[in-house]
K.L.:
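This structure is in structure tokens; I'll ask about it shortly.
Chain naming here is simple, since letters A, B, ... match the order of the sequence lines and numbering starts at 1 in each. Everything numeric here is computed off the predicted structure, so don't read it as measured data.
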Amino acid sequence: MMRVAATGSGRAVWPLLAGIALLLAGLALAAGLPDWARRLPADWQVDAAGTLNSFFSWLSRKAHVGPLAVKDITRALGTAVELPLDLVRGLLAGGFRLRLGGMRLEMAPLPWWALTAVWTLAAHRISGRGGAALVLGSCLYFLLFGLWEPAMFTLASVALSVLVGAGLGLLLGAWAWRWPRLDAVLTVLYDIMQTLPVFSYLVPILLFFGFGPVAALIATVIYAMPPMARNTTLALRRLPQSVEDLATMTGCTPRQRQWLVLLPAARQGLLTGLNQVIMLSLSAVIIASIIGAGGLGNDVLQGLKSMRLGRAFEAGLGITLLAIVLDRMSRAYALHRPRHGRPGRPARLLLGTFGFLLLALLAGQFLPVLRDFPPALTVSTGKMLDDAVAWINLAWQGPIAALSDGTVRYLLRPLKELLLALPWLGVTAGAALLAAALQGPRLALVCAALLSLPALTGYWDQAMISLYLALVSTLIAMVLGLPVGLLAGQRPRLDRVVTAVIDTLQTLPTFVYLIPVVMLFGLGDFPAMMAIVLYALPPAIRYAKDGVARVPPKLIEAADMAGCTPRQRLWLVQVPQALPELMLGLNQTLLMAFGMLVITALVGTRGLEQEALVAVSKAKVGEGLIAGLGISVLSILADRLITAASQRLRQRLGQG
Amino acid sequence: MPPDRKTPPMTENGLIRCQNLWKVYGADVGALRGLTPDAARARIAASEGWLTALGDVTLEVARGEVFVIMGLSGSGKSTLVRCMTGLAAPTLGDLMIDGVNLRGIDPALLIEMRRHKISMVFQDFALLPHLNVRDNIAFPLRVQGIPRARREELADRLIQTVGLGGRATHFPKELSGGQQQRVGIARSLITEPEIWFLDEPFSALDPLIRDEMQGELLRLQASLQKTIVFITHDFDEAIRIADRIAIMHNGRVVQIDTPERLVLAPADDYVAAFTRKIPRARVLRVASVQAPASERAAGAPVSAAALVGDVAARVLASETPIPVADGAGRIVGSLDRRTVIETVFSGASA
């Protein structure tokens, strides 16, 4: 057993070593290489960005579909989205301002007390007392800290995008289930959509829909919809054949089959998808504040921009609460199993709620006392927090600067310079050879093709900078996460605590992670790295602990019977057995790192993500898309290589 | 049945009739259509890479009969029942349900047929997880657009019939396997179908529960008098409930007979292997083992139609043979101890 594991991992390491050796050799030879092998000269590069720019400018100005201009179609679509968005936003926050001739009508939104009551009661029904307390506490927090309106704005955007995203996902997922060919196309599309940085597709959306909440909503739907579609297809595919047969044998029409049998029977999977849509929507709505989505994200963004970090922190805490509440409620709803004896009159309940809200709305119009939360009660700790941050920065200046400068000098900068010094041809060839050793010529070809994209389009340096930051952050996350995971995997009590913490960390939108690191470390590569490490830590821990916990008990017993000390058992049996799982953890950690990397452009990194962000502010579609695709390429590449390595390991260990 | 045996002529009163049914999987099996049965048979025999799930199946199920299709996994029994219910289309051959040919049937008519004439019980129950017991049972009526009050009334009546009183508002996840299948059975009965398909309904249950459910099924059938097509891989189960059994092997029907005839005259070694372990006394009727009427016989007569096992205790307790009477009460033979003992113990040695 021991020997098998040892030789197994030894052999799997071999191609890795070969790849590294090759890279180093390439570096050594770089001096002797012709210039074009190091960086493609400008006139060899393809002006993909320019081509895309002119295509999109043609599309948005001149293109026609039949008699309709594309621009008019998108404008109509924008209006169609705007109406419900205004309605929901007006109801939850902001109210309505109508102009009828010369008359101006103002209407107040739903009063805070009514929304708090309904939301708390709903939480109580879905997730019990704990959930209700959480919701009540969150509402109080929003009210006391003057965040009620932005929070309701964010909630309204999330609600509408979830509605659209879930509906669209359900439809696409059901179609993909029925037509496998469509499924194949959509899967590739979703892969790109989910690895492409949000900033990249914000630009074309800006072009067609203009700056503002509508563009933000469309971007959010694009970002959040794929998991719903994937989960729908998966859930339908997992249904037993007999459920389909039942629909047939009871004489269902095609529509009855879909809506009375298949989709309800797949409910569990669909709700899992819904939970993911909600969380991704929240994350995207927050990010979309850079194109004018408003809400809590905007408060954070403005706070970060003007270095009023206390305010950013308060809004960030608000986002955190919102994320935890939404996740808990939707998860509880998804896990909820129907049980007998529960009084279930959903129709009457809904009607009652509706009536109550209507009355509250009317009351709010005519009784100002019932409309607004008394301003005298609100507090802001913003100033206090700002002072606290200033004090911490002053008092701890020495250690903070030492940590930050030391890491930059001895780790970040050397690694960055190493990657920048490598010739593109060497890196591409090295990656292809590694791919060939791990899986075969096909993956090698894919690798080479993918990597030549940034080289050909003139984004090689930026790609290397992105890669360096993602790699070094992943490395640190693994170094920090593995011991915690290995320990938790063997101690159930520690496991419970760790799981609760990383579950919460994973519900937080990416944006939130920027706030504490900027507070402590300011701007630059070091705070960016810290944010990425924090965000990427949960999968590193989770896979390590699950990997160790899932080692078959009989192997543990065999190790004990062979007289292993606990330490020997861990290193000789559990870790080798968990290696494939650890590789998957590495993969997830790296993908999360890429996901966070994109957002760190806001704290001043210099890689592809920065190009994408700049493209948003300059409304340059081509640059935004090409830079974004560069990040897509890097993360897809990393994913394929690590997956191939993990598969090899699994075969060696006889785990299928 | 050897493959070259001539198919028996069809009678006109079979409620379900399968005529030279083939189901073949493989590339371009469509080429078989339009060939005569003999030509098709030759073509299939000559083709490599085709998988014959059903090979020339001809049988009919009479009205009111409990017809069991018995076979091990891969024998084609599930394919056959899927063809009978229209869930799968046979490659060749005709399938008539009450005189209606399923080939090329108008989809609307097929839906109508499934809503009223036939129904099915599934091996894994196929209950809808989001509906409670009552709604699950009433589901076929909901599909038909019958008002809620009416369908709940009917469902509640069936809940009592299948012994689930008090559990109308339970959800499937809260029930045991046996209870879940009771729901499945009630659901399949709510449309008052003429033909009742049960696809290995008790295979997923524990032996004790399975035994109980078989008894339940026989009790229900005694009052309902449906035409039943029952699929099983369990020969014990087959002989317990069947009027007639079709034994399938490699996609072919090997023998169709009453349990008694299967035991007494197995068509080949394959059938014999199944019957060997079966206690004769549980299958054979008095009529097939009795001796001619004897002067020595004394005591109240036993019925010629009774199972030997059911009368064994009486015969063994009696010094003299017991007379055997037919349905009309006439003495048609006698049964002595020796015959009963031989019948009871012959299963192990045969």
K.L.:
Can you name the nearest heavy-atom pair linking B/Val162 to B/Glu216, along with the distance?
P.N.:
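Between these two residues, the closest heavy atoms are O-OE2, 3.9 Å.
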K.L.:
Nearest 0.5 Å, what's the CG-CD1 distance between B/Leu59 and B/Ile16?
P.N.:
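Rounded to the nearest 0.5 Å, the CG-CD1 separation comes out at 8.5 Å.
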K.L.:
If you measure from the Lys or Arg side-chain nitrogens to the Asp or Glu carboxylate oxygens, is any gap between A/Arg178 and A/Asp183 under 4.0 Å?
P.N.:
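Salt bridge flag = no for A/Asp183 with A/Arg178.
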K.L.:
Specify the closest pair of heavy atoms between A/Cys252 and A/Val261, including all atoms of both residues, with the distance to one decimal.
P.N.:
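Closest approach of A/Cys252 to A/Val261, heavy atoms only: SG-CG2, 4.1 Å.
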K.L.:
Is it true that atom CH2 of A/Trp259 has more than 12 heavy atoms of other residues, nucleotides or ligands lying nearer than 6.0 Å?
P.N.:
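No, CH2 of A/Trp259 has 12 or fewer neighbouring heavy atoms, counting only those of other groups under 6.0 Å.
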K.L.:
Determine the option with the most heavy-atom pairs under 4.5 angstrom with chain A, choosing from B/Met120, B/Met113, B/His116, B/Arg167.
P.N.:
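Of the candidates given, the most pairs with chain A belong to B/Met120.
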K.L.:
Taking all heavy atoms of A/Val158 and all of A/Ser281, pick out the closest pair and write down the distance.
P.N.:
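A/Val158 and A/Ser281 have their closest heavy atoms at CG1-CB, 4.2 Å.
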K.L.:
Please tell me if the side chains of A/Arg550 and A/Glu581 come closer than 4.5 Å, counting only heavy atoms from C-beta onward.
P.N.:
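In short, these two side chains touch, coming nearer than 4.5 Å.
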K.L.:
Does atom CZ of A/Phe356 have more than 12 heavy-atom neighbours, drawn from other residues, nucleotides or ligands, at distances under 6.0 Å?
P.N.:
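Check passes, neighbour count above 12.
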K.L.:
Around atom CD of B/Glu153, are there more than 12 heavy atoms from other residues, nucleotides or ligands closer than 6.0 Å?
P.N.:
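Enclosed: over 12 neighbouring heavy atoms sit under 6.0 Å from CD of B/Glu153.
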K.L.:
Could you tell me which residues in residues 121-133 of chain B have at least one non-hydrogen atom under 4.5 Å from a non-hydrogen atom of chain A, sorted by residue number?
P.N.:
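So the qualifying residues are B/Phe122, B/Asp124, B/Ala126, B/Leu128, B/Pro129, B/His130.
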K.L.:
Heavy atom to heavy atom, less than 4.5 Å: which residues from residues 231-250 of chain A reach chain B?
P.N.:
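Hits under 4.5 Å: A/Pro240, A/Gln241, A/Ser242, A/Val243, A/Asp245, A/Leu246, A/Thr248, A/Met249, A/Thr250.
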K.L.:
Considering non-hydrogen atoms only, spot the tightest contact between B/Phe67 and B/Glu60 and give its length.
P.N.:
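Shortest heavy-atom contact: CE1-O, 4.1 Å.
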K.L.:
Write out, in numerical order, the residues from residues 69-99 of chain B with a heavy atom short of 4.5 Å from a heavy atom in chain A.
P.N.:
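B/Arg82, B/Thr85, B/Leu87 fall under the 4.5 Å cut-off.
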K.L.:
Between B/Trp50 and B/Gly26, what is the shortest heavy-atom contact and its length?
P.N.:
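Answer, listing the atom of B/Trp50 first, then B/Gly26: CD1-CA, 3.8 Å.
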K.L.:
Would you say the side-chain atoms of A/Asp327 and A/Thr507 include a donor-acceptor pair closer than 3.5 Å?
P.N.:
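No, no side-chain donor-acceptor pair sits under 3.5 Å.
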K.L.:
For residues B/Pro193 and B/Ser119, report the shortest heavy-atom separation together with the two atoms involved.
P.N.:
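It is CG-OG, 3.2 Å.
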K.L.:
Within a strict 4.5 Å, meaning less than it, do heavy atoms of the B/Phe197 and B/Ile231 side chains meet?
P.N.:
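No, every pair of side-chain atoms sits at 4.5 Å or beyond.
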K.L.:
Inspect the surroundings of OH in A/Tyr190 and state if more than 12 heavy atoms from other residues, nucleotides or ligands are less than 6.0 Å away.
P.N.:
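Check passes, neighbour count above 12.
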K.L.:
Drop me the distance from B/Glu237's CD to B/Phe202's CZ, to the nearest 0.5 angstrom.
P.N.:
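With rounding to 0.5 Å, CD (B/Glu237) is 6.5 Å from CZ (B/Phe202).
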K.L.:
For chain A, which residues from residues 140-148 of chain B have at least one heavy atom closer than 4.5 Å to it?
P.N.:
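Against chain A, the residues of residues 140-148 of chain B that fall inside the cut-off (heavy atoms, under 4.5 Å) are B/Pro140, B/Arg142, B/Val143.
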K.L.:
I need the B/Glu200 CD to B/Leu205 CG distance, nearest 0.5 Å.
P.N.:
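Here the interatomic distance stands at 11.5 Å.
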